[in-house]
Amino acid sequence: MGAAPDPKLAAMISGAGGNPLLIVELVQGLREEGSVEISHERARLLDERIPRRVRDLAQHWLDSLSDKARQLVQVAAAVGGSFMVVEVASMLRETTASMLPALNETIASGLLICPGEQTVFQHELVRRSIADALPAAVRQALRQDVSALRRQHCLQVPMPPEFLVTGGHPAGTPVPGSTDAPAPLPAPASLPASSEEPGIVHRLLPALLMARSTRTEPLPLGLADELRASLTAVLQAHYADVELTGTADAPLAERADRITRNTVSLFADGVQRATTRARAILATHQGRDDEADAVTATVVMSNLEWAVGNLAEGLRWGQRAVRCLGPATPPMWSPYVRLALATKLSDIGRFEEAEGLISTARTEAEALGQPHTATPSIARAMLLLQSSRLQEAQDSARAGLEVAAKTGGGWVVPVGQAVLILVALRRGDLASAADYAWRCRAAVGADSTVFPSIHFDWGECLVATAQLGARRTAELLTTTYAHLLTSPQLFVEEAAAAAWFVRLALAADDMPLASTVVTAAERFAAANPGRPTLAVAALHARGLLERDSEALRQAAREHVSPCAGALAEEDLGILLSAQEEKNGALGAAALRSALQRFVQIGSQGDIERIRAFMEEHGTPVTSAPRQGRPATAGWEALTETERSIAHLVSDGLTNRQVARRVSLSPHTVNYHLRAIFRKLGIGSRVEVARHITHSA
């Protein structure tokens, strides 16, 4: 269209999930129906209705399914963005087992995906089109049915009869202190003795405690109701035990109800409201700092201060929260309180302290059961990434994602995917990084327990740069990713982020953009004295902007992050190499040193970038080790991912089957397969199998 989309149009296009056919049909349909206006190279959405072209395409895909699969998709589309198979099966009066063939059919068709315990639509535009085709009354009835099912499900917790979620009062009567008048509730049904706490609690509470920000909108009403009921049940069980030891200071029902309402209130929409609620809870708590709501409010204060760049206060509140853990704190709180502090310590380079907290949290999580073990693995993956231990970071992220997929820890999935994006980029594997970025965004949209995180946008921005180049990405930094440029959260979590933005801006000849970033980094460092990681990051950015070799040399020496230090030395080498007559030899030495650092890290993408620069400028690299440089052809030229795919293809698996095994999309598997053909000098899957057989 020769124009940049406005935010509403960009959001609508994102509902296509990156599917080229859907995007083309959407844009053409909007133009045909006069729903988009182009002015001053800007495309503005005038009508948010889905165009006929897209609705026809969705209907075509729906018609290709069997009757049962079609019915599954229609019910699921009406229910919303995500659902559990057991819910739809119950609504269709089927068992989960009897629905599996239909579910497999919809997944094979590409309509649905299962990133965790929830099943979601691959393309939100398709879901909306299918839902809109149903009569409004039918949609409303289906949504009421699933809401009733979810309310019933959240009450099915293993509780003694005397500790019902109504706080010991007859079912259907208001809880003391409540302004609600709930409808009559069924008594809880018994679950097997091996059951964990209610799923909604172990999904939402960890998300709140580990959040680096607040939600941008309140919890959906149904989700908040589920959380209240389940959390009350957990607290009543715990405080019944505490009361037996003589430490309780209020009647059980009133105490559990108060703490539940306080805790749920912290899922606020916006920093100011969340801060106000947290301070109010702490101010009125009357000395029991180890009670669940006080501990939660303390962690929330730590997270909020950290998110806006008040690092000293963020650490103070986080350390206080860990000290507050005590007999009145339910066991499932403890690992997440420790992990919330550990991630902050990792951000500022205090890796050993962070490792110790993660180790303790892992032990506590293992005692709670498998649903809780995903988060320590993901938190450690982030620490390993920040300390430039790429292979360990990848392994830890994958381990955490595997547990999350089995147990439904949907909120942590995007964080693990973000780690994999950054590892893939460091290794120069753009195809995998782009695929992980797509999966990350899909996971963010699929689970209502996901809190905003700068990791998601940062990973996408890096992928966009690799795909589009510096100039086009610089334009995106004034629109889509503008919030990244002055983000305290990003600057503290990514040691080289400010310098990366400056490097990008200079490559795009955008001096105002470079100056904006340097100013923001320096203000952030000045606001947090005593944090050397921030000071050296600002120094690195300023050195790039002003071509100050001493500043870059100091940054290369003082960066805590090995990757950031290597990048600073690379920047120093490039600067000195430009002064060929005076400092050419010094520039070559700095580039070789940076290359050596990246070889030690295993950062193949950075290695190849420096080699390309040195070869282009005739700089010898002989003094730098050559290990890690890939061959251009043959089996040795294949990446680890390509070798895995080659072996699976040789076993006769289809691209879709391979994709499920290696956690990539079929499209990306096909991309890798073409690379395998090229590097091995072959042209068919049969020849892949023959090559592997002969090699063996």
Item checked: Heavy-atom side-chain proximity of Val518 to Leu544 below 4.5 angstrom -> no

Next item on the list: Given side-chain contact (heavy atoms from CB on, under 4.5 Å), test Ile421 with Leu462 step by step and report yes or no.
Entry: CA-CA 9 Å; Ile421 293 171; Leu462 292 177; 5.9 Å; no

Item checked: Glu687 side-chain N/O to Gly683 backbone N/O, donor-acceptor pair under 3.5 Å -> yes

Checklist line | Donor-acceptor under 3.5 Å (Ser650 side chain, Val688 main chain) | finding: no

Check: Is there a donor-acceptor pair closer than 3.5 Å between any side-chain N or O of Ser577 and the backbone N or O of Gly573?
Finding: yes

Notebook entry, point to check: Short question: side chain of Ser593, backbone of Ala590 - any donor-acceptor pair under 3.5 Å?
Noted result: no

Margin query: To the closest 0.5 Å, what do you measure between CE (Met511) and OG1 (Thr516)?
Written below: 10.5 Å

Check: What's the shortest heavy-atom distance between Arg643 and Leu638, and which atoms?
Finding: NE-O, 3.4 Å

Next item on the list: Output the distance between atom CE (Met614) and atom CD1 (Ile574), rounded to the nearest 0.5 Å.
Entry: 10.5 Å

Check: Do you know which two heavy atoms are closest between Ile358 and Ala342, and how far apart they sit?
Finding: CG1-CB, 3.7 Å

Margin query: Strictly distance-based, threshold 3.5 Å: is any side-chain N or O of Gln386 a donor or acceptor partner for the main-chain N or O of Glu493?
Written below: yes

Check: Are any side-chain N or O atoms of Ser487 and backbone N or O atoms of His483, one a donor and one an acceptor, separated by less than 3.5 Å?
Finding: no

Checklist line | Any donor-acceptor pair under 3.5 Å from Ser396 side chain to Ala393 backbone | finding: no

Notebook entry, point to check: Do Glu494 and Leu484 come within less than 4.5 Å of each other through their side chains, counting heavy atoms only?
Noted result: no

Note to self: So does Arg531 get a backbone contact from the side chain of Asn528, meaning a donor-acceptor N/O pair under 3.5 Å?
What the structure shows: no

Next item on the list: State plainly whether the residues Glu569 and Arg557 are in salt-bridge range, i.e. N to O under 4.0 Å.
Entry: no

Notebook entry, point to check: Where is the tightest heavy-atom contact between Leu45 and Met12, given as atom of each residue plus distance?
Noted result: CD2-SD, 3.8 Å

Margin query: Looking at Glu402, I'd like to know if its CD atom is crowded, meaning that more than 12 non-hydrogen atoms belonging to other residues, nucleotides or ligands lie closer than 6.0 Å.
Written below: no

Next item on the list: Determine yes or no for a side-chain-to-main-chain donor-acceptor pair under 3.5 angstrom, with Ser388 supplying the side chain and Cys563 the backbone.
Entry: yes

Item checked: Residue pair Ala568 / Leu552: nearest heavy atoms and the distance that separates them -> CB-O, 4.1 Å

Next item on the list: Step by step, work out the side-chain contact (heavy atoms from CB on, under 4.5 Å) result for Val560 and Phe351.
Entry: CA-CA 10 Å; Val560 174; Phe351 298 131; 3.8 Å; yes

Margin query: When you compare the side chain of Val415 with that of Phe456, does any pair of heavy atoms fall below 4.5 Å?
Written below: yes

Notebook entry, point to check: To the nearest 0.5 Å, how far apart are CZ in Arg350 and OG1 in Thr533?
Noted result: 10.0 Å

Next item on the list: Decide if atom CZ of Arg523 counts as having more than 12 heavy atoms of other residues, nucleotides or ligands within a radius under 6.0 Å.
Entry: no

Item checked: Rounded distance [0.5 Å steps], CG in Leu390 versus CG in Leu422 -> 10.0 Å

Check: Can you check whether Arg427 reaches Gln391 side chain to side chain, under 4.5 Å on heavy atoms?
Finding: yes

Checklist line | Salt-bridge present (Glu615, Arg611; N to O < 4.0 Å) | finding: no

Next item on the list: Answer yes or no: is there a side-chain heavy-atom contact under 4.5 Å between His455 and Gln417?
Entry: no

Check: Of all heavy-atom pairs between Ala43 and Leu9, which one has the smallest distance, and what is that distance?
Finding: CB-CD2, 3.7 Å

Note to self: When you compare the side chain of Leu315 with that of Ile348, does any pair of heavy atoms fall below 4.5 Å?
What the structure shows: yes

Margin query: Between Trp458 and Phe501, is the ring centroid distance below 6.0 Å?
Written below: yes

Next item on the list: Kindly give the heavy-atom pair with the smallest separation between Gly314 and Trp306, and that separation in Å.
Entry: CA-CE3, 4.1 Å

Note to self: With rounding to the nearest 0.5 angstrom, report the CD1 to SG distance, Ile454 to Cys461.
What the structure shows: 10.0 Å

Check: Looking at Asp509 and Arg471, does any basic side-chain N land under 4.0 Å from a carboxylate oxygen?
Finding: yes

Check: His647 and Ile692: side-chain contact (heavy atoms from CB on, under 4.5 Å), yes or no, with the steps?
Finding: CA-CA 7 Å; His647 279 290; Ile692 290 176; 3.8 Å; yes

Check: Do Leu311 and Asp347 have side chains that get closer than 4.5 Å, going by heavy atoms?
Finding: no

Item checked: Positive for side-chain contact (heavy atoms from CB on, under 4.5 Å) with Leu572, one of Glu550, Arg553, His540, Gln554 -> Arg553

Notebook entry, point to check: Do Ile113 and Arg439 have side-chain heavy atoms sitting under 4.5 Å apart?
Noted result: no

Next item on the list: Walk me through it: do Asp606 and Arg609 pass the test salt bridge (Lys or Arg N to Asp or Glu O under 4.0 Å)?
Entry: CA-CA 5 Å; Asp606 296 302; Arg609 183 183 63 251; 2.8 Å; yes

Next item on the list: May I have the step-by-step check of side-chain contact (heavy atoms from CB on, under 4.5 Å) for Glu570 and Arg597, ending in yes or no?
Entry: CA-CA 10 Å; Glu570 178 188 356; Arg597 289 192 185 196; over 6 Å; no

Next item on the list: Rounded to the nearest 0.5 Å, what's the gap from OG1 on Thr343 to CD1 on Ile378? Could you check?
Entry: 13.0 Å

Check: Counting distance only, does the side-chain N/O of Gln604 pair as donor-acceptor with the main-chain N or O of Gly428 below 3.5 Å?
Finding: no

